Structure formats: C-alpha cells, structure tokens
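Just so it is clear: chains get the letters A, B, ... in the order the sequence lines come, proteins before strands, and each one is counted from 1. All of these numbers come straight from a predicted model, not from anything done at the bench.
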Amino acid sequence: MEILKPAMAGTLESSDAQVTVEPGSDGIQLTLSSSVMNQYGRQIKATVLETLKRLEVTNAQVTVVDKGALDCTLKARVECAVFRSCGQSQANIPWGGAVR
Amino acid sequence: MAYTLSEIRPDDKRGHTKLRALLEGEGITLDGNLDYTCGLFDEDYQLVATGSTFGCTLRCFAVDHRHRGEGLLNQVVSHLMERQTERGIFHQFVYTKCRSTKFFQDLGFYEIARVEDTLSFLENRRGGFSSFCQKLERDRRPGKSGAIVMNANPFTLGHLSLVERAADECDTVHLFVLSEEQSLVPFPVRWKLVQEGVAHLSNVICHPSGPYMISSATFPSYFLKDEQAVITGHAKLDLALFGPIAQALGIQVRYVGEEPRSLVTGLYNQIMAQELPKAGIQYVELPRLQAGGQPISASAVRQAIHDGRLETLRDQLPQTTWDFFHSSQAQPVIDAIRSSAEVIHY
C-alpha cells in the first residue's frame, strides 16, 4: 500500500500508542519513543515494522509515541493510520490484511 | 472517575467562566489568540483540564492541581493533536514554561529552543529544525552574508531601501519573509511583492521564514506576567532560533529598520542590539526612508488603504507594489484591509 497523505491514529493515553504515517521516498523511516523503551523498545519496533510489511508499505515516515501499548493495540493503531492515509478507512476495511 | 472531553465554544459563557477560573488557579491567563479550546469535565461538570490550539500551535494548557498525576494532559493533547491532524496540520508546535517541557517531551515533542527561566518551544518532529537549517545551507554563499527579516505587510519603498543598502554592503543578502498567515496581506501576496520588488538585485536570495520565525502577533502571552516580559521573551526566543539559521547560512550582519512608532518592535530591536553581537553577528539599524517628511511604514500604508487614500501612496511604494494594488487581483486584499478595524500595531 502506498501512503498518499499524512494520517494519525491512536492517543497518548496510558496503554495506547499514537501512530503517525507520512509519505516518504526512502524506505521506512521509523521514529519511536516509548515510556517502556528500555524494556520493550526492540519488540515495539519489530511489531510496527512487521505490521507495515504485512500491509505492503515500503516507503513511509512513521512516528510512534508509545505509552505502553500491547502488541495488539500497536498493530491496530498502525493498520488504522495506514488505512486512513490511503483513504481506505471509509468502507471495506480489510482488518488484518492488506488492501489490494 | 470518568471524564468527559468537550469543546468550549467562544459563545459558551458558563464554560468560559470555568475556564478562566481554572487558568487563574494555575497562574496563567487566557491567551488572546485561540481558535479552538477543549475542556475535560468530571462527573459534577467541574472543569479539571483544558488546552487550546491556534494555527499550528498548541497552547494554554492547564490541569487542576488536585487532579495532577492522572494523565489528564495526555488526553487533552491527544484530542488536540487529532483535531489538528483532521484540519491538515501535521507539523505542530508547543510553547510552554521551562518546567513543563518534560511533560511534552514524554508526549513525542522535541525541544527546538528555550529561553532560560522563561519558556521553551517544542515541535512534534525529531530533527525538524535541524533539517530546516540543513536545507538552508544549500543557499550558503561565500563572502559577506547579511540577513533581513521582514513581514512586508505590504512591501514598501522603505523595505526596498533597506534591502538595497544591505545588497550594496554584502556579497549576499538572505531575505526572510514571515510566512505566518497573521497579516492583513496574505503570505502569497507578500511573497510575490517582495520577490518582484527585489528582482533587480541579483545578490538577494528570498526565503519563506517557515515556522521557525515567529511574528509578535502569534507569540503566546498567557504565561508571562506582563507585556514587557512578553516582548522580551519573544525577542529572546527569536534570537535563539536565529542563531542556528545564521550559522547555516554564514550570516555576519543583520539589518533592521529603525522603529520610531511601534512600541513592540522598538523594544525588540533594543534586545537584538544587545544580544546579536554576543552571537558574533553585527547589528545594523538603519533609519527609515522618508517620504514627504514622514518615515515610510507599512502600517501607515495599510492605514492609507483602509481610509481609501491609495493614490497618496505613489512616493511610498515601489512600482511593483503600486501596480499590484491597482490590479484587479488586489481587490480581496484591499477589501480585507478596509473592513479591518485595527490596521496598526501598537
């Protein structure tokens, strides 16, 4: 999926994460900040990248401000941001899959 | 406890009374420039936290001290960021007291500059400011470089003479035009008039100021105690931002027009005269160009347009600006100036 316009999903509340995706041209550039960076930084990064890969996003600037979100929350926020960024959030959301 | 988040509209008197009381209790005042305000209410409809936006900035945050530590600021900031995103504003800024900086850093904001003991300025992009400076560096030229910052609201012969003098004395002049939309003359028009007005000077490079040069019209005042502190804080923040920009472009001199009329700009210039040499930048203040015994000023030009005396401006405007105001394109701008109650800065 191609990121067409900037989009955001999620909040900054505890146990959530705020994910912003913006169009990019140079692969995936991930900026991650987390309240549990020392404990889970690597896992958060892996989850975000894996979700993007599954959605077939190859070029994007991604910003994640994590407040201790579980993996499932992170995945949902990333998916939602990506769907919103390519105008797919209105109808036929292919949860868990990629938009083709 | 369950909280309800809702907008506080400008016409909501009851909401605004609560808002004022909350802000007062936390030692800040309501900023004059706000375009959206939200509040978090508890079960008894008591206001416990608030935050507002103006343009690309988030401002006027307060949390009732009895409710600190509940993560209420996070909810308010999340809501405001989401709203800004819906409005298409992705690059967001925050002004806050120095001691609140760390709360915003936890929310994904990065500090751009700070004025010790006064305020801190943050953005939601890591390295936003440094990449802005890096881009500017492409326009760096060898030799003596000068800088001018202007609002050019609109571009007058006074502005032109300042630029010409700088272009004469320097190898390169970097001319920054404030790109914030807080002037009666909209940015695309101001930008066009400046570019056309200096087209004959080959060593002048025009730059839109971007979000990192702040006009006094949008500088927040709510947490500073008096007007003097506001102007000083604004000037110091501007200078803190100008330092890295000057470094990127190799600027050695900053040219400024003398300010006999506007109190704000006068004090601002005074602070610049003190602080710039400390950063190794020469400060040059030039007297205003006169026309008919009066110094030329953009506010006087706006006043004349406001009063319908466009024809008296022949000796105050460069040909390009003159032509623009006599074209049909200028009509919306003239209408805006005419219908505006206040055209002069205090």
Q. Based on non-hydrogen pairs under 4.5 Å, which of B:E82, B:E86, B:M81 is most in contact with chain A?
A. B:M81
Q: For chain B, find which of A:T63, A:T11, A:D16 contributes the most heavy-atom pairs closer than 4.5 angstrom.
A: A:T11
**Q.** Within 6.0 Å of CD in B:E24, more than 12 heavy atoms from elsewhere
**A.** no
Q: Indicate, with yes or no, if the rings of B:Y212 and B:F129 have centres closer together than 6.0 Å.
A: yes
Q | B:Y36 atom OH: more than 12 heavy-atom contacts under 6.0 Å | A | yes
**Q.** Under 4.5 Å from a heavy atom of chain B, the part of A:A7 involved
**A.** backbone
Q. At a heavy-atom separation under 4.5 Å, does A:T31 approach chain B through its side chain, its backbone, both, or neither?
A. both
Q: Please flag which part of B:Y110 lies under 4.5 Å from any non-hydrogen atom of chain A: side chain, backbone, both or neither.
A: side chain
Q. Under 30°, 30 to 60°, or over 60°: which ring-plane class applies to B:F176 and B:H174, parallel, tilted or perpendicular?
A. tilted
**Q.** Closest contact, heavy atoms only, B:L241 versus B:I214
**A.** CD1-CD1, 3.7 Å
Q.
Does any backbone or side-chain atom of A:Q18 lie under 4.5 Å from a heavy atom of chain B? Answer side chain, backbone, both or neither.
A. side chain
Q. So which of A:M8, A:K5, A:Q61 has the biggest tally of heavy-atom pairs under 4.5 Å with chain B?
A. A:M8
